[in-house]
2 protein chains.
Amino acid sequence: MREPVFWILTALTQGRQHGYAIIQDASRLSGGAVVLPVTTLYASLERLEKEGLVRADGDEVVSGRVRRYFALTPAGESRLVLEADRLEAKVFTVRSQLSLRPALILGGIA
Amino acid sequence: MREPVFWILTALTQGRQHGYAIIQDASRLSGGAVVLPVTTLYASLERLEKEGLVRADGDEVVSGRVRRYFALTPAGESRLVLEADRLEAKVFTVRSQLSLRPALILGGIA
DNA sequence: GCCCATATGCCCATTGTGGGAATATGTTCG
DNA sequence: CGAACATATTCCCACAATGGGCATATGGGC
């Protein structure tokens, strides 16, 4: 799973949300590190809908502007849980590798 | 950072390695989950070399076959450490979001 | 002799990402 | 009032990264 999709699904864990708000959530949740481009967002949402991880959840008009709402499907939720597990495993693996890397033999017995 | 690059850099933490062995390391380190396609590997290595995260570390001939060795640069190592931190932060964030998601109110007081 | 593992290289298609710009309404500020 | 900016979505198009297919070449096992 790529970054944009990860943040979209993560933003949707708190309930239905519309596109523009997802961009703001992604930025907030990542501490400002992630900037989700609009084009990427809508392209991803369309793809995720086709894959059944996200579903359209009604259009609403707020002060003249249309909002398209999206929601996580059960499949989307379990996919995100799976991703969390995978990320955790990756962290464990790199950390292990980094801690036992040859370069670390700097103090030694001396 | 994408999956293939992550596993390439992780494989190289234990010292210089040649292409084919990196593929096997990636598979082993990921518990068989990651299959690094040959084309992706060499394309990535070339890119990583250009970016200064990896450097060519000599060609050797073993039983008639040429092996191209590659090694992590200090930049590559710190990039991987940074990536580990980012992954850890992502795990923390999703887990938090998942634990406080509306759907979890199922047991309640009852 | 044939297949498989090792080891790399070239060609090319697809996927996901993302820049640019258009559209349209509401708000803020000089 | 006009300009700039935030909200909210859409279309067009370029590009980086991924990866499939195939070619090449050697050595080992059946």
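The chains referred to below are lettered A, B, ... by the order of the sequence lines, with proteins before strands, and numbering in each begins at 1. Only heavy atoms go into these numbers, but all of them, side chains included; no hydrogens, no water, no symmetry mates. Small disclaimer: the values here were computed from a predicted structure and weren't measured.
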Please give, in whole Å, the distance from [N] [atom2] to [X] [atom1]?
X       : N      : atom1 : atom2 : result
B/Arg67 : D/dG27 : CZ    : P     : 13 Å
A/Glu46 : D/dT10 : CD    : C1'   : 10 Å
A/Tyr42 : D/dC12 : OH    : C1'   : 17 Å
A/Arg68 : D/dT7  : CZ    : P     : 19 Å
B/Tyr69 : C/dT6  : OH    : C1'   : 12 Å
A/Leu45 : D/dT9  : CG    : P     : 9 Å

Residues A/Arg28, A/Asp25; criterion side-chain contact (heavy atoms from CB on, under 4.5 Å); working and verdict: CA-CA 5 Å; A/Arg28 181 177 50 81; A/Asp25 286 349; 3.2 Å; yes

For A/Glu88 and B/Arg95, run salt bridge (charged side-chain N to carboxylate O under 4.0 Å, His left out): C-alpha distance rounded to whole Å, both residues' side-chain angles, the deciding distance at 0.1 Å, then the answer. CA-CA 10 Å; A/Glu88 211 160 46; B/Arg95 293 254 187 253; 2.7 Å; yes

Counting only non-hydrogen atoms, which of residues 52-61 of chain B are less than 4.0 Å from DNA chain C?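 Contacts with DNA chain C under 4.0 Å: none.
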
Where along residues 14-30 of chain A does a heavy atom come under 4.0 Å from DNA chain C, residue by residue in number order?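 Nothing qualifies; none.
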
Less than 4.5 Å apart, side chain to side chain, heavy atoms only: is that true for [X] and [Y]?
X       : Y       : answer
A/Glu77 : A/Thr13 : no
B/Leu9  : B/Met1  : yes
A/Phe70 : A/Arg55 : no

Tell me, with the steps shown, if B/Gln14 and A/Leu100 meet side-chain contact (heavy atoms from CB on, under 4.5 Å). CA-CA 8 Å; B/Gln14 304 311 303; A/Leu100 54 83; 3.0 Å; yes

For B/Val62, report the nucleic acid contact type (base, sugar-phosphate, nothing); a contact means any heavy atom under 4.0 Å.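 B/Val62: no heavy atom of the nucleic acid under 4.0 Å.
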
Measure from the side-chain N and O atoms of A/Thr73 to the backbone N and O of A/Gly52, and report whether any donor-acceptor pair falls under 3.5 Å.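 Yes, because the side chain of A/Thr73 sits within donor-acceptor range (under 3.5 Å) of the backbone of A/Gly52.
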
Can you check whether A/Thr40's main-chain N or O pairs, donor with acceptor, with A/Ser44's side chain at less than 3.5 Å?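 Side chain of A/Ser44 to backbone of A/Thr40, a donor-acceptor pair under 3.5 Å: yes, one is there.
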
Rounded to the nearest 0.5 Å, how far does CZ of A/Arg16 lie from CZ of A/Arg68?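 The CZ atom of A/Arg68 sits 13.0 Å away from the CZ atom of A/Arg16.
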
Same cluster or not: are B/Val38 and B/Val66 linked, directly or through other Ile, Leu, Val, Met, Phe, Trp or Tyr residues, by side-chain heavy atoms under 4.5 angstrom apart?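 They do not share one cluster, since no chain of ILVMFWY contacts under 4.5 Å joins B/Val38 to B/Val66.
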
Does atom CD of A/Glu46 have more than 12 heavy-atom neighbours from other groups under 6.0 Å away?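 No, because the 6.0 Å sphere around CD of A/Glu46 holds 12 heavy atoms or fewer from other groups.
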
Distance criterion of 3.5 Å, no angle test: do you see the side chain of B/Arg65 paired donor-to-acceptor with the base of C/dT6?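 Result: at least one qualifying N/O pair found.
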
When you check every protein heavy atom under 4.0 Å of nucleotides 15-21 of chain D, what one-letter string (B, S, -) results, 5' to 3'? --SSBBB

